[in-house]
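See structure below.
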Amino acid sequence: MCIQTEREALLQFKAAIEDRYGMLSSWTTSDCCKWEGIRCSNLTGHVLMLDLHGDLFNDVPQRYMRGEIHKSLMELQQLNYLNLSWNYFSNRGIPEFLGSPSNLRYVDLSYCRFGGKIPTQFGSLSHLKYLNLAANFLEGSIPRQLGNLTQLQHLDLSYNSFEGSIPSQLGNLSNLQKLYLGGSYYDDDGALKIDDGDHWLSNLISLTHLSFDSISNLNTSHSFLQMIAKLPKLRELSLIDCSLSNHFILSLRPSKFNFSSSLSILDLSWNSFTSSMILQWLSNVTSNLVELDLSHNLLEGSTSNHFGRVMNSLEHLDLSDNIFKGEDLKSLANICTLHSLYMPANHLTEDLPSILHNLSSGCVRHSLQDLHLSDNQITGSLPDLSVFSSLKTLVLNMNQLSGKIPEGIRLPFHLEFLSIQSNTLEGGIPKSFGNACALRSLYMSGNNLNKELSVIIHQLSGCARFSLQELNLRGNQINGTLPDLSIFSALKTLDLSENQLNDKIPESTKLPSLLESLSITSNILEGGIPKSFGNACALRSFDMYNNSLSEELPMIIHHLSGCARFSLQELYLSGNQINGMLPDLSIFSSLKTLDLSENQLNDKIPESTKLPSLLESLSITSNILEGGIPKSFGNACALRSFDMYNNSLSEELPMIIHHLSGCARFSLQELYLSGNQINGTLPDLSIFSSLKTLDLSENQLNGKIPESNKLPSLLESLSITSNILEGGIPKSFGNACALRSLDMSYNSLSEEFPMIIHHLSGCARYSLEQLDLSMNQINGTLPDLSIFSSLRILNLDGNKLNGEIPEDIKFPPQLEILDMQSNSLKGVLTDYHFANMSRLDLLELSDNSLLAFAFSQNWVPPFQLTNIGLRSCKLGPVFPKWLETQNQFLYIDISNAGIADMVPKWFWANIAFREWISMNISYNNLHGIIPNFPIKNIQYFLILGPNQFDGPIPPFLRGSMFLDLSKNKFSDSRSFLCVNGTVEALYRLDLSNNHFSGKIPDCWSHFKSLSYLDLSHNKFSGRIPTSMGSLFHLQVLLLRNNNLTDEIPFSLRSCTNLVMLDIAENRLSGLIPTWIGSKLQELQFLSLGRNNFHGSLPLKICYLSKIQLLDLSLNNMSGQIPKCIKNFTSMTQKTSSRDYQDLSYFVNTSYTSGPQAYHLNALLMWKGSEQMFKNNGLLLLKSIDLSSNHFSGEIQVEIENLFGLVSLNLSRNHLTGKIPSNIGKLTSLDFLDLSRNHLVGSIPWSLTQIDRLGVLDLSHNNLSGEIPTGTQLQGFNASCYEDNLDLCGPPLEKLCIDGKPAQEPIVKLPEDEKLLFTREFYMSMAIGFVISFWGVFGSILIKRSWRHAYFKFISNLSDAIYVMVAVKVFKWRHRG
């Protein structure tokens, strides 16, 4: 039995530890000597050993502890063995009290993430023989007190961050056998040094192992190297990364530098050796080496044959990551003892037969067992290899081997491992491979093998079928289906993934009897799984992810239920088309992992379905399962991870939790139920004692969370985002002491924020690292948040926070991301609020319009931000000086911030001299000239408008990918557009609404990638430059509202990617080019309105099948509207906002990982006024505007086929004939204007079918008959029908009889009305006469040519007046 005081000490130690993986789970019984990791004295009962090493970085399952080492360990006075390695103590210092137990002989604290310094108290452990503190974050100097540990035999301080000189007191450790110093996980040079005058190392005469890694000045001390060489018992020496060079080493005379004959292993990797002469030097100073590592140097060239003859013990030579060529291998051919040669990542560029010929020219061909030549540029195909009679391993991965493997080649008789992955070999596998009787592993993944699998299997079915244990053919183009594999009696692992296997797997196909792992992922296999697979009694892992299996799951499970049900541990069937319900799975007694995600499983899970008793992980994501989760799932006592994301579960959450509350509540660690339709509110979850991750996001949880609800004690991550939860957060959430991440964004929480923080301020304030409450309705002001000592991410975006920010609150000191944008916060933020926030990386406070910043004049923030979002805050009027200290930001948005100042030069320099900046400083009152810099770094997007910048555009801005300089006062574009050098990165350029004038510079051939160009709303004049035709990637060209003249240049026909062309509101003339239709067939938006184009509409315009907006209004076009407009395919299709949800246009860039989106906008005449249409609104607007031209003829009936048309304007033309009778088919019409034409006939009754018509104008035509009644046509104003003399019916006052206008009674005007009419009429005539007379008389006095023009005008005017008077008199007489 253990001693009670020591038991209590151990329990105190346990209480301070966070034991997630149950390493101390046995520490509950009365006898602590029987606890895991404890060993006691059989005589006294004292604890002698504490071995609690973890598996922190190893493959899953990980197993480690974290937390604090309690001082109660001081009570274990007889402790002689302490091992806490590979645990996680999070940069805590090594406790000083660990230097107290005087009997300690063995201490291992390696790989624990300890920080700080080595406690000097360790120097008091006089009996210590083993001390390992490697791979931590220890810093400072190595304490000289370690020299007191005279019994020490093993000291490992490598891979920390020590600095200063190695203390000479280490020379007192005369018993030391192994010493490991230096090394770093970082790329910086080692800070640990040696003192050249010290001789302490020569005292360590017992040393057998010495490692000096990354010792920064070892390359300057000849004497120290000589001391190393004289150590009499040294067997292993490592001088990694010490900057050793040829010059330094070769300057040492071999006669004065002979290593001990005991030295057998030498590691000189990661140095700066350049010449292979180092090999000859080594052969002169140490000829007994067994292992030599010179990898990661810069070695090149061949060495003399002397090296091979002298190094008669060398077995392992590592020359990887150097610059050797194939011919250099000849100098290694005579090392007759060499077993292993590693030469990956050199410059072997010759063909493989030549390289192997050089190597096989000496005796090494008989001794070589392992040859690694991967990651070179070796060409050719595979030669005969049988000359290497002892070769067991050959690795040729990642080369450029190509062609078919010749049938005649032979493999070495003893070859066990052959890997030729990631080459471009074609065809199949030669039969000779099947005759390699010792071959155990064959890896040929990542080639272009394209034979049928059955042929490949046949070729391998020689004696290799008895030896082959691993066969990897992944990532080829192998086709056919799966043949019988049972002849491979030793095969354990088979990978056929990522090929083109197809069809059903034949029922006759059998698997090898010893097969443990089978992967056939990402093929095109159909049907189901044959019953024979269920008879593979050794099968442990079976992966058929991403095929086209379509059988019902119950049948698949039935076929696998042979003896495989006892062996199978992992089954992956995700990404198929498997349907049916989830059957009973309990017969699979060993199954631990089951993945059925991304299939078509449907219906409810039957209550009778049971899970395997050992199942640890179950994923059924992305299916169509309904209902809830059966109670049997809660009885899966080993279940650790359960994922049902993205199904159609609709049960209430309390019921689901109840069903899972069997023994699974003790094992379940991860539960994912997001993306379903689960409703109800959040129940009590505290019974799940092991649960660490819970995801309930994207469901329909509603109501308030009850105050009584508790969270699991070990819960680390809780996500309930995108539900409909109301109220606040219960106080019990604040008592979840392990909670690290809480995401409740996108709900309807409405509690005041101070109350929420108060409820979370239990022990969760110490653990919480991420808190996301964005997109709720949380109100109230900002409380003090500094109590959350671990909080790194705080997101309160899109709430209703309001009120003044108190002057005395602080943010958490560990905060890295602070996002409170889109609230109503007000008040002033000062330096005080941001004190001690040295880790802040993202600050996003945009759209708090009443929030101001008032920092001290010379305040230097403690942080360096990468993201700065202060849009619509109060930063001005002076440009913020504190931004001068921020030189690491990649994103900054200070738009609409009330800044009225010149931008300082240091800000522009910060942008110019760095890369990949995204900047938005628009909507301020920034002014002045932007300076230029002699550099063109790539920037992401720069938005500078609207502001008041003037002068020339500086050329350094050409490095931007997206540049918006619109709505400024720039006046010179030539210096920007025409400076020498091509522009590779600029994809979007907006120079609209500036003060540019004169001709558009003809320099566009410099811009190789431009996709979007906006020069609209300037004062450019002259012709459109021909060089714009060199913009082959151009998708959008906007030149609206300038003074451009002449014709559209022929060169634009080369811009075949154009989606939008807007050159309206200019003075362009000529015919509309036919090539617009024949060449620009991607056009969706064409606006040529308000110019001087004439002639008829070319028939080839109808080639624009994708056109959505066609505007030719206010020109001088004539002729008929072509019938082929029915070919406007896009206008024949009805669309809705759902069709264009978040639709964007994309440009492919060379600088980003994927395409970059941009939106379109257009200024259109809509319902009588110019309006800007953007993004989806524009995409929904399918419009034809041919108004104010001279088009004639009838409206073509083909227009009835444009069902998707939203706006049609044909007004102010000379159109004749009837309105098409089936115009009512255009049920999407919102705007129809046919006014001021010469249309006749009645209004078609089909027009009543357009129920969404908002604007209608049929006035000033010759329409007749009754306006269709009982429809919305009566809802329009009478002016929409005016001046159609024979039109009658509401809303007109003129009544109809039998569908015709009634005879109007003659109304006799009173005499005074006649007098009034006559008086006004003749007064107007008199005034007009006088003005006209003096106008003509004055003109005649000025110029003779005007005289003729005015007389002609008067003649025309008199005719018009005569007609007008006659019509007026006729009307009045009939009314009379």
- Query: Does Asp743 reach the main-chain N or O of Ser745 with its side chain, forming a donor-acceptor pair under 3.5 Å?
  - Reply: yes
- Task: Mind telling me whether His372 and Tyr342 have parallel, tilted or perpendicular rings, with 30° and 60° as the class edges?
- Result: parallel
- Message: If the test is ring pair (Phe, Tyr, Trp, His ring centres under 6.0 Å), which one of Phe114, Tyr64, Tyr111 qualifies with Phe89?
- Response: Phe114
- Message: Heavy-atom count check: over 12 atoms from other residues, nucleotides or ligands less than 6.0 Å from Arg839 CZ?
- Response: no
- Message: I'd like to know if the side chain of Ser26 reaches the main chain of Trp35, judged simply by a donor and an acceptor atom lying under 3.5 Å from each other, with no hydrogens or angles considered.
- Response: no
- Message: Tell me whether Arg765 contacts the main-chain N or O of Gly734 through its side chain, where contact means a donor paired with an acceptor under 3.5 Å.
- Response: no
- Query: Do you see a donor-acceptor pair shorter than 3.5 Å between the side chains of Asp31 and Thr29?
  - Reply: no
- Would Glu816 and Leu842 count as a side-chain contact (heavy atoms from CB on, under 4.5 Å) if you check the C-alpha gap in whole Å, the side-chain angles of each, and the deciding distance to 0.1 Å? CA-CA 6 Å; Glu816 299 172 10; Leu842 182 150; over 6 Å; no
- Please name the residue in the list Asp293, Leu294, Leu239, Leu237 that meets the side chain to side chain contact (heavy atoms under 4.5 Å, CB included) test with Asp267. Asp293
- Task: To the nearest 0.5 angstrom, please state how far the OG atom of Ser272 sits from the CG atom of Asn297.
- Result: 7.0 Å
- If you round to the nearest 0.5 Å, how far is NZ of Lys117 from OG of Ser161? 13.0 Å
- Item | side chain to side chain donor-acceptor pair (under 3.5 Å) evaluation trace for Asn172 with Thr150 | CA-CA 7 Å; Asn172 299 332; Thr150 55; over 6 Å; no
- Query: If only atom types and distance count, is the side chain of Asp318 paired as donor or acceptor with the main-chain N or O of Ser320 below 3.5 Å?
  - Reply: yes
- Should the ring pair Phe13 and Trp27 be called parallel, tilted or perpendicular, given that the plane angle runs from 0 to 90° and is split at 30 and 60? tilted
- Query: If we only count heavy atoms from C-beta on, is the Tyr645 to Asp695 side-chain gap below 4.5 Å?
  - Reply: no
- Separation of Leu201 CG from Leu179 CG (nearest 0.5 Å): 7.5 Å
- Evaluate the side-chain proximity of Asp195 to Trp200: yes if any heavy-atom separation is below 4.5 Å, no if none is. no
- Side chain proximity check, Leu815 to Leu785, heavy atoms < 4.5 angstrom: no
- Task: Answer yes or no: is there a donor N or O on one side and an acceptor on the other, between the side chain of Gln864 and the main chain of Thr885, under 3.5 Å?
- Result: yes
- Message: Are Ser732 and Leu711 packed together at the side-chain level, in the sense that at least one heavy-atom pair is separated by less than 4.5 angstrom?
- Response: no
- Item | Criterion side-chain contact (heavy atoms from CB on, under 4.5 Å) on Leu742 and Leu760, from CA distance to verdict | CA-CA 10 Å; Leu742 176 59; Leu760 287 174; 4.1 Å; yes
- Near Asp841 CG, under 6.0 Å, is it more than 12 heavy atoms from other residues, nucleotides or ligands? yes
- Of all heavy-atom pairs linking Leu10 and Leu50, the shortest is CD2-CD1, 4.4 Å
- Determine, for Tyr832 and Lys810, whether the Lys NZ or Arg CZ falls below 6.0 Å from the six-membered ring centre while staying within 45 degrees of the axis. yes
- To the nearest 0.5 Å, what is the distance between CG (Leu24) and CD (Glu36)? 8.0 Å
- For Gln886 and Leu865, indicate whether the former's side chain and the latter's backbone hold a donor-acceptor pair under 3.5 Å. yes
- Message: Rounded to the nearest 0.5 Å, what separates atom CZ in Arg792 from atom CG in Leu771?
- Response: 12.5 Å
- Item | Nearest heavy atoms of Thr208 and Lys178, plus distance in Å | OG1-CG, 4.2 Å
- Message: Are Phe122 and Ile94 packed together at the side-chain level, in the sense that at least one heavy-atom pair is separated by less than 4.5 angstrom?
- Response: yes
- Query: Crowded around Arg66 CZ? As in, over 12 foreign heavy atoms under 6.0 Å?
  - Reply: yes
- Check whether any side-chain heavy atom of Thr593 lies under 4.5 Å from a side-chain heavy atom of Gln569, and answer yes or no. no
- Query: Strictly by modelled atom types, are Asp51 and His53 linked by a side-chain donor-acceptor pair under 3.5 Å?
  - Reply: yes
- Task: Supply the atom-to-atom distance Leu149 CG to Leu176 CG, rounded to the nearest 0.5 angstrom.
- Result: 10.0 Å
- Below 4.5 Å, heavy atoms only, C-beta onward: do Ile142 and Leu192 meet side chain to side chain? yes
- Message: Whether Lys692 engages the ring of Tyr21 as a cation-pi pair (distance to the six-membered ring centre under 6.0 angstrom, angle to the ring normal within 45°) should be assessed.
- Response: yes
- Message: Using only atom types and a distance under 3.5 Å, with no angle test, would you say the side chain of Ser790 pairs donor to acceptor with the backbone of Tyr766?
- Response: yes
- Task: Test side-chain contact (heavy atoms from CB on, under 4.5 Å) on Asp772 and Thr721 and set out the steps.
- Result: CA-CA 9 Å; Asp772 191 345; Thr721 181; over 6 Å; no
- Message: Please find the pair of heavy atoms, one from Gly54 and one from Trp86, that lie closest to each other, and give the distance.
- Response: O-CB, 3.1 Å
- Message: Between Ile729 and Met744, is there a side-chain heavy-atom distance shorter than 4.5 Å?
- Response: yes
- Shortest non-hydrogen pair, Asn271 vs Leu244, comes out as OD1-N, 2.9 Å
- Query: What about His154 and Tyr180, are their ring centers closer than 6.0 Å?
  - Reply: yes
- Are Cys2 and Cys40 close enough that their SG atoms are less than 2.5 Å apart? no
- Task: Using modelled atom types only, decide if a donor and an acceptor are shared between the side chain of Asn160 and the backbone of Ser158 within a distance under 3.5 Å.
- Result: yes
- Without hydrogens or angle criteria, can the side chains of Asp241 and Ser214 be said to hold a donor-acceptor pair below 3.5 Å? yes
- Item | Check against side-chain contact (heavy atoms from CB on, under 4.5 Å), Asn103 and Leu79 | CA-CA 6 Å; Asn103 287 306; Leu79 189 69; over 6 Å; no
- Message: Whether the side chain of Glu6 engages the backbone of Val47 through a donor-acceptor N/O pair (distance < 3.5 Å, no angle test) should be reported.
- Response: yes
- Task: Say whether Gln151 and His127, considering side chains only, have a donor N or O and an acceptor N or O under 3.5 Å apart.
- Result: no
- Message: Testing the basics here: between Met65 and Leu84, what is the closest heavy-atom pair and its distance to 0.1 Å?
- Response: CE-CD2, 4.4 Å
- Hey, are Ser25 and Asp19 close enough side-chain-wise for a donor-acceptor pair under 3.5 Å? no
- NZ (Lys71) with more than 12 external heavy atoms under 6.0 Å: no
- Nearest heavy-atom neighbours spanning Cys242 and Ile215: SG-N, 3.7 Å
- Task: Could you tell me whether Arg740 and Glu18 make a salt bridge, using a distance below 4.0 angstrom between a side-chain N and a carboxylate O?
- Result: no
- Output yes when a side-chain donor or acceptor of Asp831 lies under 3.5 Å from a complementary backbone atom of Pro861, and no otherwise. no
